[in-house]
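Structure record follows, encoded as structure tokens.
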2 protein chains.
Amino acid sequence: MKPSDELVAALEEAGSAQERFEIMYDTLRDRISVSDYPPGTRLSEEALAAEFGVSRSPLRKALKILEADGLLQSVQGVGTIVTDVDLDELTQVYQLRMELNELVGRLSPKHPDETTLALFEDIRKRAEALRSAPDMKIFARLNIDFFHVFVRLTDNQPLVEVSERLFYQTCRIWLKMIPMMDLAEEVAIFAGEIAAITDAVRLGDTEAAGHIRRAHLSMGFARLKGHARRHTL
Amino acid sequence: MKPSDELVAALEEAGSAQERFEIMYDTLRDRISVSDYPPGTRLSEEALAAEFGVSRSPLRKALKILEADGLLQSVQGVGTIVTDVDLDELTQVYQLRMELNELVGRLSPKHPDETTLALFEDIRKRAEALRSAPDMKIFARLNIDFFHVFVRLTDNQPLVEVSERLFYQTCRIWLKMIPMMDLAEEVAIFAGEIAAITDAVRLGDTEAAGHIRRAHLSMGFARLKGHARRHTL
DNA sequence: GTCTTTCTTGTTGTGTACAACATCGCATAA
DNA sequence: TTATGCGATGTTGTACACAACAAGAAAGAC
């Protein structure tokens with residue numbers, strides 16, 4: 001895909017096999033999540049291996065894990081295809097994500113340190129900037145980054161891992177649906193959510209942050225469904 | 001490990017690569033979960049591949065996924081080691097599992113059909129039989145089978161998958177701790193839990209079943225912690 | 001005797017060649 | 001024209017050879 005000299009440099013510097021794996025895994029997951037690889041894209045193991053400067057063997061490990069995550073699907077004789085996201089199939093995932101986000105505020109809530117607080121403020125600023133110049137890809141990136149900051153509110157590591165898994169299964173739906181919706185409006189709503197949660201975090205009320213997040217997740221999904229229904233009619 | 005002709009037969013019959021993968025994955029996960037491979041066991045890729053009648057390549061996929069599940073750890077030059085389970089590290093997992101089990105009764109509860117009911121009754125019978133002749137390995141197997149029956153109470157597939165993941169991360173702790181505890185007593189308690197949940201299910205009160213399960217998970221973990229503390233003193 | 005060094009052995013990680021398979025284009029026959 | 005076969009091409013799946021590495025044994029120096 002890209003020339004991306006930094007990437008191959010990082011891969012060469014990496015000492016252990018696990019480091020190399022994580023670089024490839026994170027890179028591929030990110031590309032899928034921001035629609036550099038839209039649903040249906042056919043990836044070639046050989047091409048990817050060449051780009052990363054490795055053989056197919058280590059690359060395949062990353063692809064297999066992403067397949068287990070539900071982001072890819074390998075079919076012999078055809079290729080490795082980026083899975084599609086279907087709103088109906090995602091209903092259950094969203095229901096579960098709602099509950100888990102509430103748990104983030106309730107299970108082992110962590111009093112936010114200075115670093116975390118600074119990260120929230122940074123996200124808030126980026127959201128405000130995005131309001132002035134809405135852009136789909138930047139919106140997607142912000143959504144991902146905000147998720148990672150948000151889960152810092154809990155000390156429960158398994159909860160973080162499970163939430164991350166489900167997040168990456170669903171986050172692409174926005175990139176698919178946004179064209180049918182009002183991007184500026186969604187950005188404004190998202191900025192509002194971030195502001196509200198950041199305020200709650202600054203007050204040290206982690207549980208409130210969880211409830212706000214849950215509420216916005218619920219409303220966001222309702223809007224998605226509404227627009228989908230309106231569009232198919 | 002075993003000769004196990006049925007296994008290699010099933011692997012040869014399997015048409016697709018995914019079928020072969022699932023057979024190997026399930027087999028290995030089961031062996032780890034019932035302590036055929038106790039924590040610390042060093043598995044050899046070559047030996048396993050030979051036993052399964054395949055090459056290292058397809059076997060490695062199963063091992064890599066199990067590593068991502070947290071059940072194995074591969075170290076170059078050393079081997080593939082079955083991970084240990086530590087009670088303290090599992091505290092967070094248990095907290096999350098408690099909440100998730102409650103969700104099973106609350107999120108998309110499914111009115112149990114005849115098949116499910118029969119499965120519950122079967123488990124209850126096996127539990128009663130186990131009370132007459134307590135056995136650690138049968139106890140472990142029953143625990144696993146009961147889990148799979150219990151998650152039939154929800155229609156939320158992502159919840160089932162996440163619960164399964166966490167279950168297999170924790171279930172081995174019983175095999176590690178039981179020697180320090182009273183097996184007969186634990187079996188009796190487990191049989192009581194199963195009877196109570198089966199009754200709730202027969203009444204169609206799925207939410208109650210979830211709460212009972214949550215309560216027993218909590219008490220079970222408390223007993224584990226208590227015995228661990230008593231043992232280290 | 002004890003410590004150090006080197007070698008042997010066994011393991012996972014990686015590269016590569018080939019098998020199995022699906023898909024598309026194209027020629028050919030009806 | 002249309003249907004059919006078939007072959008060329010590109011893909012993932014599998015097998016195998018070797019590299020990289022860790023650990024223990026054995027031999028040698030002191």
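Naming convention: chains lettered A, B, ... in sequence-line order (proteins, then strands); numbering from 1 in each chain.
Remark: the backbone N or O of B:Pro38 is not paired with any side-chain donor or acceptor of B:Ser35 at under 3.5 angstrom.
Of all nucleotides in DNA chain C, those with any atom nearer than 4.0 Å to a heavy atom of chain B start and finish, going 5' to 3', at C:dG10 to C:dT14.
Residues B:Leu43 and A:Arg56 each lie close to DNA chain C; by heavy-atom proximity, the contact nearer the 5' end of the strand is made by B:Leu43.
Checked against side chain to side chain donor-acceptor pair (under 3.5 Å), A:Ser163 has no partners two or more places apart in sequence or in another chain. A search for side chain to side chain donor-acceptor pair (under 3.5 Å) contacts involving B:Asp30 returns B:Arg141, not counting sequence neighbours.
More than 12 heavy atoms of other residues, nucleotides or ligands lie within 6.0 Å of CD in A:Glu22, so this atom counts as buried by the packing criterion.
Not one side-chain nitrogen or oxygen of B:Ser55 sits closer than 4.0 Å to the OP1 or OP2 atom of D:dT14.
End-to-end axis angle of the helix from C:dG1-D:dC30 to C:dA30-D:dT1, from C1' rotation axes over five pairs per end: 10° (rounded to 10 degrees).
Note on residues 146-165 of chain B: pairs passing salt bridge (charged side-chain N to carboxylate O under 4.0 Å, His left out), not counting sequence neighbours, are B:Arg29-B:Glu164, B:Asp69-B:Arg165, B:Lys110-B:Asp155.
A salt bridge links A:Lys137 to A:Asp36: one of the charged nitrogens lies within less than 4.0 Å of a carboxylate oxygen. Of the charged side-chain nitrogens involved, none lies within less than 4.0 Å of a carboxylate oxygen, so that A:Arg56 and A:Glu46 do not count as a salt-bridged pair.
Atom CG of B:Leu59 and atom P of D:dT14 are 11 Å apart (whole Å). Between the CD atom of B:Glu45 and the C1' atom of D:dA20 there is a distance of 14 Å, rounded to whole Å.
Of the residues listed (A:Glu45, A:Lys64, A:Arg60), the one engaging A:Ser74 in a side-chain hydrogen bond (donor to acceptor under 3.5 Å, both in side chains) is A:Lys64, and it is the only one.
Within residues 63-84 of chain B, the residues approached by DNA chain D to less than 4.0 Å at the level of any non-hydrogen atom are B:Gln76, B:Gly77, B:Val78, in residue-number order.
Taking the six-membered ring for Trp and thresholds of 30 and 60 degrees, A:Tyr168 and A:Phe147 have ring planes more than 60 degrees apart, a perpendicular arrangement.
Side-chain atoms of A:Asp88 and A:Thr91 include no donor-acceptor pair closer than 3.5 Å.
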